[in-house]
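Down below is the structure, laid out as structure tokens.
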Amino acid sequence: MAQFPQRVFSGVQPTGNLHLGNYLGAIHKFVSLQDTHDCIFCVVDLHAITVFQDPAVLKANIREVTAAFLACGIDPVRHIVFNQSQVPEHSELAWIFNCVARIGWLSRMTQFKEKAGKDKENASVGLYAYPTLMAADILIYRATHVPVGEDQKQHLELARDVAQKFNKDFSASIASLGHNEAFFPMPEPLIQGPATRVMSLRDGSKKMSKSDPSDNSRINLTDTADIIAQKIRRAKTDPEPLPSEVECLGSRLEADNLVSIYAALRGFSKQDVLNEFGGANFSQFKNALVEVAEAKLGPIGAEMKRIQSNPAYIDDILRKGADRARVIAGANMAAIKDIIGFIR
Ligand code: AQP
């Protein structure tokens with residue numbers, strides 16, 4: 001297999017209510033990857049419009065996600081931060097990938113089934129084709145590593161299938177243009193640590209989600225210390241004390257979730273947490289969790305508000321990031337057009 005320079009790409013949708021799941025599953029990991037990889041972090045606004053967004057709210061949400069990136073410690077000078085719609089090559093490659101991906105592949109995507117619900121006929125075509133745009137987001141930069149939460153695993157597998165089929169379908173053209181055996185890398189998902197799927201605080205069988213109608217189901221990155229404490233104290237639990245071994249968390253979904261959150265916030269394993277809290281009751285454990293969550297998220301929320309008070313500063317970062325992203329995307333798009341046989 002051809003060798004590709006290591007490059008990280010990941011995106012977050014500007015659909016409001018950024019929460020602890022987005023932080024622990026994605027943004028927190030982006031921050032540590034900055035020291036080891038070239039990174040591209042994208043506010044994926046084209047994905048957001050797969051369901052209707054109010055234009056003024058969308059604009060505010062694009063700035064909110066950018067502010068979250070910066071407040072969490074992403075450096076837009078060393079790395080690239082931009083919003084997807086400013087780089088048209090994402091949509092251009094997505095169309096090409098619509099012609100590479102098979103309907104059968106897309107029909108198996110569980111996220112579409114969940115989001116479209118019973119009324120599939122009324123879902124947008126964009127919601128159905130979402131994974132081919134996601135494949136284009138990653139592959140237009142020939143990115144090799146993609147930090148995401150567990151829920152995106154299936155979409156990543158589809159991106160790999162698309163890359164593989166393109167490389168195979170066009171292998172002769174790719175070779176004749178001197179690109180070794182493959183043009184696209186097989187992007188690797190980075191789904192690691194104790195909190196790859198943070199669950200709702202009200203129901204341990206449901207993912208913590210922006211669109212959950214109950215605000216108490218999630219901790220938003222902009223929640224105040226009081227609200228964070230209130231939500232954790234009200235989080236659903238069971239009557240048993242915490243066990244001492246991870247295996248004993250088994251079917252105790254809510255307990256498992258709170259232990260995972262605590263572990264991820266402290267940089268511990270779940271067993272480390274149980275070594276400390278095994279035998280403790282939930283009120284004791286929740287006090288410790290409140291303390292850690294406030295200490296970690298309080299400064300992020302405050303910094304987000306400070307950054308959001310200067311929209312021109314945010315827009316300037318996005319514009320400069322898009323200019324840099326376009327250079328890479330444009331060169332790759334030209335090569336892709338040559339491979340396919342388009343005249344340019
Ligand atoms: N609960 C979660 N636990 C861990 N990671 C999560 N992510 C999302 N929810 C969790 C990860 O956050 C990144 C950005 O997600 P997104 O904004 O692109 O889209 P999403 O997955 O649709 O977010 P939500 O909160 O789940 O929104 P709705 O309510 O619309 O379904 C991704 O890496 C994702 O894995």
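Order of appearance sets the numbers: ligands from 1, and atoms from 1 within every ligand. Throughout, numbering of the chain's residues begins at 1 and tracks the sequence.
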Subject >> Region of A26 that comes within reach of ligand 1 [heavy atoms, distance under 4.0 Å] >> reply: side chain
Subject >> Residue part near ligand 1, for T196, under 4.0 Å between non-hydrogen atoms >> reply: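 T196 to ligand 1: backbone contact only, side chain stays beyond 4.0 Å.
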Any idea which protein heavy atom is nearest [atom], and the distance to it?
{"atom": "atom 5 (N) of ligand 1", "result": "G21 O, 3.1 Å"}
{"atom": "atom 34 (C) of ligand 1", "result": "D151 OD1, 3.4 Å"}
{"atom": "atom 15 (O) of ligand 1", "result": "N22 ND2, 3.5 Å"}
{"atom": "atom 17 (O) of ligand 1", "result": "K210 NZ, 2.2 Å"}
{"atom": "atom 3 (N) of ligand 1", "result": "V198 N, 2.8 Å"}
{"atom": "atom 9 (N) of ligand 1", "result": "K207 NZ, 3.3 Å"}
{"atom": "atom 33 (O) of ligand 1", "result": "G149 N, 3.2 Å"}

Original post:
Closer than 4.0 angstrom: is that true for some heavy atom of T15 and an atom of ligand 1?
Top reply: no
Subject >> H19 touching ligand 1 at heavy-atom level, < 4.0 angstrom >> reply: yes
Original post:
Considering all heavy atoms of both residues, which atom of S124 and which atom of T50 are nearest to each other, and what is their separation?
Top reply: OG-O, 2.8 Å
Original post:
Is D323 salt-bridged to K320, going by a charged N under 4.0 Å from an acidic O?
Top reply: no
Subject >> Identity of the nearest option to atom 30 (O) of ligand 1, non-hydrogen atoms only, from R197, K115, R218 >> reply: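 Looking at heavy atoms only, the winner is K115.
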